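As structure tokens, the structure follows; a few thoughts come after it.
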Amino acid sequence: SSLFPASQRGILEPAGLGKMSMKYLGAYLMAVLGGKESPTAADVKAILDAGGISCDDDMLNTVISKLDGKQAHELIAAGYGKFAACGGGGGGG
């Protein structure tokens, strides 16, 4: 089961990329939080490099192309409701 709605899966879970793309999405969102409305591949790569994280340029460019023209807050809002399916309650007992 995906955390993202079907309408966003092609963007957030590109075919063949799966979980490997999450580090790129995380760095992309960090750039957005840093003030970049539409981060470039160079912005994302700089964040990954600063953290000592390896970067596959082909995969990064694929993720960037999938996010082109999309607003991060809209993607987050579209997938937010799916988190309820994950549960999260603990037995505090």
Side-chain angles (χ1 to χ4, degrees):
S1 171
S2 174
L3 290 178
F4 303 106
S7 63
Q8 299 298 321
R9 285 188 195 139
I11 297 164
L12 296 174
E13 296 176 354
L17 297 182
K19 292 180 183 178
M20 290 297 294
S21 65
M22 292 307 291
K23 66 181 175 182
Y24 304 104
L25 291 171
Y28 183 92
L29 291 174
M30 288 177 72
V32 170
L33 288 172
K36 298 274 187 175
E37 187 172 316
S38 184
T40 65
D43 296 327
V44 172
K45 187 169 184 160
I47 290 169
L48 293 172
D49 287 345
I53 301 169
S54 64
C55 179
D56 178 319
D57 290 335
D58 290 336
M59 189 174 296
L60 172 58
N61 290 327
T62 299
V63 171
I64 292 295
S65 70
K66 296 283 187 180
L67 294 171
D68 188 40
K70 310 224 176 4
Q71 297 292 314
H73 67 277
E74 293 171 351
L75 296 171
I76 293 168
Y80 184 75
K82 294 296 242 176
F83 285 109
C86 295

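Note that the structure is a prediction, hence the values are computed from the model and not measured.
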Review point. Which residues pass the side chain to side chain contact (heavy atoms under 4.5 Å, CB included) test with Ile64, sequence neighbours left out?
Key: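 Result, side chain to side chain contact (heavy atoms under 4.5 Å, CB included) vs Ile64: Tyr28, Ala41, Val44, Leu60.
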Who pairs with Asp58 by salt bridge (charged side-chain N to carboxylate O under 4.0 Å, His left out), at least two apart in sequence or on another chain?
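Salt bridge (charged side-chain N to carboxylate O under 4.0 Å, His left out) check on Asp58 returns nothing, list empty.
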Do Ile47 and Met59 land in one hydrophobic cluster if side-chain heavy atoms of ILVMFWY residues count as linked below 4.5 Å?
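No, no single cluster joins them.
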Exercise. Under the side-chain hydrogen bond (donor to acceptor under 3.5 Å, both in side chains) rule, what pairs show up with a residue in residues 42-51, not counting sequence neighbours?
Worked result: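 For residues 42-51, and leaving out neighbouring residues, the side-chain hydrogen bond (donor to acceptor under 3.5 Å, both in side chains) pairs sorted by first residue read Thr40-Asp43, Lys45-Asp57.
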Checklist entry - From Asp68 CG over to Asn61 CG, what is the distance, rounded to the nearest 0.5 angstrom? => result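 These two atoms lie 11.5 Å from each other.
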Item to complete: To the nearest 0.5 angstrom, please state how far the CG atom of Leu48 sits from the CG atom of Asp56.
Response: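 Going from the CG atom of Leu48 to the CG atom of Asp56 covers 11.0 Å.
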> Which heavy atom in Tyr24 sits nearest to a heavy atom in Ser54, and how many Å separate them?
Replying inline: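 Heavy atoms of Tyr24 and Ser54 come nearest at OH-O, 4.4 Å.
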Q: Search all heavy atoms of Glu37 against all heavy atoms of Val32 and return the closest pair with its distance.
A: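 For Glu37 and Val32, the tightest heavy-atom pair comes out as O-CG2, 4.4 Å.
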- prompt: Hey, what else clusters with Leu33 if you join Ile, Leu, Val, Met, Phe, Trp, Tyr whenever side-chain heavy atoms sit under 4.5 Å?
  reply: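 Its cluster mates, by chain and number: none.
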Listed once per pair and sorted, the salt bridge (charged side-chain N to carboxylate O under 4.0 Å, His left out) pairs that draw on residues 25-34, sequence neighbours left out:
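Checked against salt bridge (charged side-chain N to carboxylate O under 4.0 Å, His left out) - neighbours excluded - no pair reaches residues 25-34.
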